Amino acid sequence: MAHSPGRRGVWHWYEDHARGTGELARGFADVWGGGDLACRLGRDHDTGKGACAWQDGLVEEATTGRKVRRPPHHAAGAFLFAQAARRHPVLTPFAGVIEGHHTGLPAWSELKVRLKTLMRDSAEVDEAISRVARVMPEILDGTCPAAPKWLDPHDRTSVEMLVRMTYSAVVDADRLDTAAHFRPGMHPQRAVTMAELWERYENRRREMVAERRRRGAPSWLDRLREDIYGEAVEAAAGKPGVYRLHLPTGAGKTSPAEASRSVMQPCTGCGASSSRSRSFRSRNRTRRSTAACWIPNTGRRRSWNTTPP
């Protein structure tokens with residue numbers, strides 16, 4: 001079993017949860033070409049639950065209602081994936097998706113040590129793997145899922161970004177499949193486009209500005225923030241790159257930065273275009289009384305005097 005019966009009184013069978021999580025993760029990651037990879041990680045993420053000690057703890061907890069300390073269940077799946085990735089070492093870091101699906105992505109240095117230990121002696125995971133293989137023999141096929149075609153194995157940044165994107169897909173899939181067991185009839189909400197998010201964000205910002213104006217005439221700082229906001233949004237439509245907002249604390253960096261991301265996102269897409277993605281970084285300059293922002297469309301550096309007139 002993967003989860004207790006809950007209010008329905010029906011156990012969540014392991015194979016149902018494993019396959020359900022895998023397919024959900026595939027659907028999330030297909031967008032950037034990583035569906036097969038995410039599906040494998042989602043399918044095998046709970047392999048460690050096959051251990052007798054883990055199953056006994058789950059049954060005791062379900063029957064007594066008391067919390068029972070169970071052994072960690074992430075190592076078995078991470079070990080399986082690392083074995084499959086031996087001929088494709090660029091994919092080995094993705095074992096961290098399973099290793100950290102409850103605790104967060106581990107550092108690569110820590111993951112390497114952990115995997116080497118398991119490769120030398122896999123006794124702690126062998127029982128769980130063999131028991132799960134009885135109901136899901138496909139976990140022993142040893143094949144390695146394909147990476148997205150756009151992934152450059154020599155680009156560490158691209159590999160790390162894909163690990164994080166895949167982690168998000170697998171964790172979301174795990175939680176949604178688990179929630180569907182405990183709350184039957186629940187379905188994931190419709191995916192919201194960036195255009196819709198941008199409209200919501202802009203409408204909410206207008207309401208916030210209107211409410212502030214109802215309380216009194218705009219101050220010099222309000223006018224400055226509106227100026228910064230407008231130019232940041234305009235700059236976001238420019239050439240992909242890194243834009244920096246050199247502004248002191250209180251100048252209103254958060255709204256321009258978030259709005260810029262919303263404007264940029266519909267233009268960047270996924271997959272091969274990820275190398276062209278843009279970001280907006282803000283930095284504090286608390287010791288200066290002048291704020292400046294590079295305006296990519298014009299090649300100019302725009303400065304604002306932030307000292308009250």
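All values reported here derive from a predicted model rather than from experimental measurement. Worth knowing before you read on, the calculation uses all heavy atoms, side chains too, and leaves out hydrogens, waters and symmetry mates. Along the sequence shown, the residues carry numbers beginning at 1.
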Notebook entry, point to check: Given M208 and R212, is the side-chain contact (heavy atoms from CB on, under 4.5 Å) satisfied, shown in steps?
Noted result: CA-CA 6 Å; M208 182 182 69; R212 187 183 301 134; 3.9 Å; yes
Checklist line | Test: E226 and R223 ion pair at under 4.0 Å | finding: no
Notebook entry, point to check: Within a radius of less than 6.0 Å around CZ of R205, do more than 12 heavy atoms belonging to other residues, nucleotides or ligands occur?
Noted result: yes
Note to self: Quick one, H101 and L41 - any side-chain contact, counting heavy atoms below 4.5 Å?
What the structure shows: no
Notebook entry, point to check: To the nearest 0.5 Å, what is the distance between CG (L162) and CH2 (W32)?
Noted result: 8.0 Å
Checklist line | Nearest-0.5 Å distance that lies between atom CD in E99 and atom CZ in F79 | finding: 12.5 Å
Next item on the list: Flag the pair T92 / W108 as yes when at least one side-chain heavy-atom distance between them is below 4.5 Å, and no otherwise.
Entry: yes
Checklist line | Cation over ring face, R131 and Y14, 6.0 Å, 45° | finding: no
Margin query: Within the 4.5 Å heavy-atom criterion, are F28 and L176 side-chain neighbours or not?
Written below: yes
Check: Would you find more than 12 non-hydrogen atoms of other residues, nucleotides or ligands less than 6.0 Å from E15 atom CD?
Finding: yes
Item checked: Co-membership, hydrophobic cluster, residues L111 and L105, 4.5 Å side-chain -> no
Notebook entry, point to check: When you check the side-chain N and O atoms of R206 and N203, is any donor under 3.5 Å from an acceptor?
Noted result: yes
Note to self: Nearest 0.5 Å, please: how far is CZ in R40 from CG in L80?
What the structure shows: 9.0 Å
Notebook entry, point to check: Taking the six-membered ring for Trp, are H17 and H3 ring centroids under 6.0 Å apart?
Noted result: yes
Notebook entry, point to check: What distance separates Q83 CD from L140 CG, expressed to the nearest 0.5 Å?
Noted result: 9.5 Å
Margin query: With side chain to side chain donor-acceptor pair (under 3.5 Å) as the rule and sequence neighbours excluded, what pairs involving residues 54-67 come up?
Written below: E61-R70
Item checked: S4 and L58, any side-chain heavy atoms less than 4.5 Å apart -> yes
Next item on the list: Please answer whether the main-chain N or O of K49 pairs with a side-chain N or O of D46 as donor and acceptor at a distance below 3.5 Å.
Entry: no
Next item on the list: Could you tell me whether a side-chain N or O of H45 sits under 3.5 Å from a main-chain N or O of G42, the two making a donor and an acceptor?
Entry: yes
Margin query: Between R200 and L197, is the side-chain contact (heavy atoms from CB on, under 4.5 Å) condition met? List the steps.
Written below: CA-CA 5 Å; R200 290 183 191 177; L197 289 176; 4.3 Å; yes
Margin query: Parallel, tilted or perpendicular: which one describes the rings of H102 and H73, with boundaries at 30° and 60°?
Written below: perpendicular
Note to self: Is it the case that the side chain of S130 and the backbone of E127 share a donor-acceptor pair, with hydrogens and angles ignored and the cut-off at 3.5 Å?
What the structure shows: yes
Checklist line | Co-membership, hydrophobic cluster, residues I139 and L91, 4.5 Å side-chain | finding: no
Note to self: Any heavy-atom pair between the side chains of M136 and T47 that's under 4.5 Å?
What the structure shows: no
Note to self: Using the rule given for side-chain contact (heavy atoms from CB on, under 4.5 Å), can you reason through T21 versus R43, listing the C-alpha separation, both sets of side-chain angles and the distance that settles it, and then say yes or no?
What the structure shows: CA-CA 6 Å; T21 299; R43 185 196 71 185; over 6 Å; no
Check: Quick one: CD on E202 to CD on E207, what's the gap to the nearest 0.5 Å?
Finding: 11.0 Å
Check: Would a hydrophobic clustering, with Ile, Leu, Val, Met, Phe, Trp and Tyr connected at side-chain separations under 4.5 Å, put V90 with L115?
Finding: no
Item checked: Inter-residue atom distance R86.CZ - M119.CE, 0.5 Å rounding -> 4.5 Å
Next item on the list: Under the side-chain contact (heavy atoms from CB on, under 4.5 Å) rule, what do E124 and L118 come out as? Steps first, then yes or no, please.
Entry: CA-CA 8 Å; E124 68 173 277; L118 289 171; 3.8 Å; yes
Margin query: E160: which residues meet the salt bridge (charged side-chain N to carboxylate O under 4.0 Å, His left out) condition with it, sequence neighbours left out?
Written below: R164
Next item on the list: With sequence neighbours left out, write down each residue that passes side-chain hydrogen bond (donor to acceptor under 3.5 Å, both in side chains) with R120, or none if nothing qualifies.
Entry: none
Check: Should F81 and L37 count as side-chain neighbours, where that means a heavy-atom distance under 4.5 Å?
Finding: yes
Next item on the list: Mark yes or no for whether T193, through its side chain, and E196, through its backbone, hold a donor-acceptor pair below 3.5 Å.
Entry: yes
Check: Just wondering, do E23 and D177 contact through their side chains at under 4.5 Å, heavy atoms?
Finding: no
